[in-house]
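Everything below concerns the one structure shown next.
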There are 2 protein chains.
Amino acid sequence: MSLKLAVGSYDPAAFFVRREVTDMSSEEHVTRKSRTLIHAGTIIDYYQDEMLLPNGNTEIWDFVKHRKGAACIVPITKDGKILLVRQFRPALERYTWEIPAGQKDSVGEDPLQCAKRELREETGYDSDHIEKLLSLQSTVAFCNEAIDVYLAKDIYPVGTQQLDDAEAIDCKLWEIEDVLALIDSGKMEDGKTIAGILAALRRI
Amino acid sequence: MSLKLAVGSYDPAAFFVRREVTDMSSEEHVTRKSRTLIHAGTIIDYYQDEMLLPNGNTEIWDFVKHRKGAACIVPITKDGKILLVRQFRPALERYTWEIPAGQKDSVGEDPLQCAKRELREETGYDSDHIEKLLSLQSTVAFCNEAIDVYLAKDIYPVGTQQLDDAEAIDCKLWEIEDVLALIDSGKMEDGKTIAGILAALRRI
């Protein structure tokens with residue numbers, strides 16, 4: 001029974017109270033008839049999916065496959081400062097402040113190892129108190145990119161940055177209230193960074 | 001002066017205190033030499049960018065252009081319940097719980113109008129107290145998708161859902177603690193939803 005039909009004559013407030021949420025059958029949502037690889041990119045592959053709608057029509061949908069997935073980490077010092085990295089993002093054509101992050105080396109890599117590596121390489125810091133914060137999907141409408149988000153407490157410096165040839169990264173320890181002001185003003189935009197920091201603040 | 005060189009002989013903790021964060025010159029970060037459209041998709045376009053690295057080498061990077069941008073809204077009732085929508089996401093091949101969201105009708109559409117429309121169409125609810133929460137970029141490494149995130153307080157039902165042919169959406173009013181448990185357990189994954197809800201909880 002589709003929701004569209006079911007609510008036709010109901011007040012939605014009453015409906016929400018009454019209806020049990022159960023799995024919808026495949027007849028009720030779009031299903032994929034075929035998937036065609038259009039281009040194998042550098043870190044992603046671009047596909048076109050032919051989708052069958054519940055009404056019997058078909059549509060072409062975009063699908064971006066992120067090959068390896070990613071991990072990121074919210075690094076916080078013992079005295080409550082947040083360590084962020086700043087870099088130029090060509091996709092946005094501007095600089096961003098973000099939490100340390102990177103692609104996994106392979107699909108099977110432990111995301112915790114990836115997160116620890118990115119913290120060490122991008123900032124020169126390490127932590128002995130790392131915990132999982134979030135399992136995040138960055139953009140569910142057309143892409144499967146999964147990002148595991150960790151919290152690193154009591155971070156401490158262990159050496160210098162270890163950057164690759166494409167990376168030029170500034171680091172800065174931020175007061176929490178200054179980060180929140182950036183988020184509230186719309187000047188800090190990166191989704192994983194906002195979600196990670198706000199989740200971390202519930203744990204410290 | 002590149003950070004990589006600058007920190008070579010320094011303790012990073014001292015470095016962070018000492019160094020002013022200033023704009024890096026274009027010689028210090030990757031720059032785009034050319035951009036080639038590979039495929040014009042349905043809601044996105046896929047490009048290959050030829051990037052010049054600071055060391056003089058070139059690399060091919062992916063760029064996904066999201067044509068119109070999007071908006072979403074965290075709907076909260078007067079008694080503190082959060083209204084979420086559940087739908088099948090073909091890119092993930094599973095159902096998700098999300099805040100109401102959708103593409104803008106055009107690049108120039110006011111994102112607030114888009115957010116109000118998605119709330120109305122996907123849930124049948126409206127609000128007279130809507131405020132901006134976040135300016136969010138969903139996946140900064142390779143895509144320019146921008147999502148404006150709003151908070152709708154004191155939502156009230158005004159009618160039934162108004163879904164398009166591809167949509168099959170369940171709605172449910174959630175207790176805040178149950179939503180937080182889903183986030184903490186990794187069962188609620190959508191980035192804009194997690195960021196939006198955690199940001200909203202700082203405002204109510």
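Order of the sequence lines fixes the chain letters, A, B, ..., with proteins taken first and strands second; residue numbering starts at 1 for each chain. These values consider heavy atoms only, across backbone and side chains, with no hydrogens, waters or symmetry-generated copies.
Trp61(A) CH2 to Ile44(B) CD1: the interatomic distance, rounded to the nearest 0.5 Å, is 12.5 Å. To the nearest 0.5 angstrom, Asp184(B) atom CG is 8.5 Å from Leu133(A) atom CG. For the atom pair Asp190(A) CG and Ser135(B) OG, the distance stands at 13.0 Å (nearest 0.5 Å). For the atom pair CZ (Arg94(B)) and CG (Asn144(A)), the distance works out to 9.0 Å, reported to the nearest 0.5 Å. Atom CG in Leu136(B) sits 10.0 Å away from atom CD1 in Ile183(A) (nearest 0.5 Å).
Between Leu201(A) and Arg202(B), the closest side-chain pair of non-hydrogen atoms is not below 4.5 Å. Considering only heavy atoms from C-beta on, His39(B) comes within 4.5 Å of Gln48(A) through its side chain.
Across Thr42(B), Asp62(B), Thr139(B), the residue that shares the most heavy-atom pairs under 4.5 angstrom with chain A is Asp62(B). If you tally non-hydrogen atom pairs under 4.5 Å between each of Asn57(A), Thr77(A), Leu180(A) and chain B, the highest count goes to Leu180(A). Between chain A and the residues Ser138(B), Gly191(B), Gly196(B), the most heavy-atom pairs under 4.5 angstrom are made by Ser138(B). Most heavy-atom pairs under 4.5 Å with chain A, from the set Ile147(B), Leu52(B), Asp148(B), Asn55(B): that is Asn55(B).
When all heavy atoms are compared, the tightest approach of Pro90(A) to Val30(B) is CG-CG2, 3.5 Å. Taking each heavy atom of Ala195(A) and Ile194(B) in turn, the nearest pair found is CB-CG2, 4.0 Å. Contact between Phe142(A) and Cys143(B) at its shortest, heavy atoms only, is CZ-SG, 4.0 Å. When every heavy atom of Pro54(B) is checked against every heavy atom of Asp165(A), the shortest pair comes out as CD-O, 3.5 Å. The two residues Val140(B) and Leu92(A) make their nearest non-hydrogen contact at CG1-CD1, 3.7 Å. Taking every heavy atom of both residues into account, Leu198(A) and Ala199(B) meet most closely at CD1-N, 3.6 Å.
With a threshold of 4.5 angstrom between heavy atoms, Gln103(A) does not approach chain B through any atom at all. If you measure heavy-atom distances from Met188(A) to chain B, the contacts under 4.5 Å come from the backbone alone. Heavy-atom distances place the side chain of Ile38(B), and not its backbone, under 4.5 Å from chain A. Heavy-atom distances place no part of Ala70(B) under 4.5 Å from chain A, backbone and side chain included. Gln162(B) does not touch chain A: none of its heavy atoms, backbone or side chain, sits under 4.5 Å away. For Ala141(B), the parts lying under 4.5 angstrom from a heavy atom of chain A are both the backbone and the side chain. Proximity to chain A is limited to the side chain of Tyr46(B), based on heavy atoms less than 4.5 angstrom apart.
Sparse packing is recorded around NZ of Lys187(B), with 12 or fewer heavy atoms of other residues, nucleotides or ligands lying under 6.0 Å away.
Aromatic ring pairs are classed by plane angle as parallel below 30°, tilted from 30° to 60° and perpendicular above 60°; the pair His29(B) and Tyr95(A) is perpendicular.
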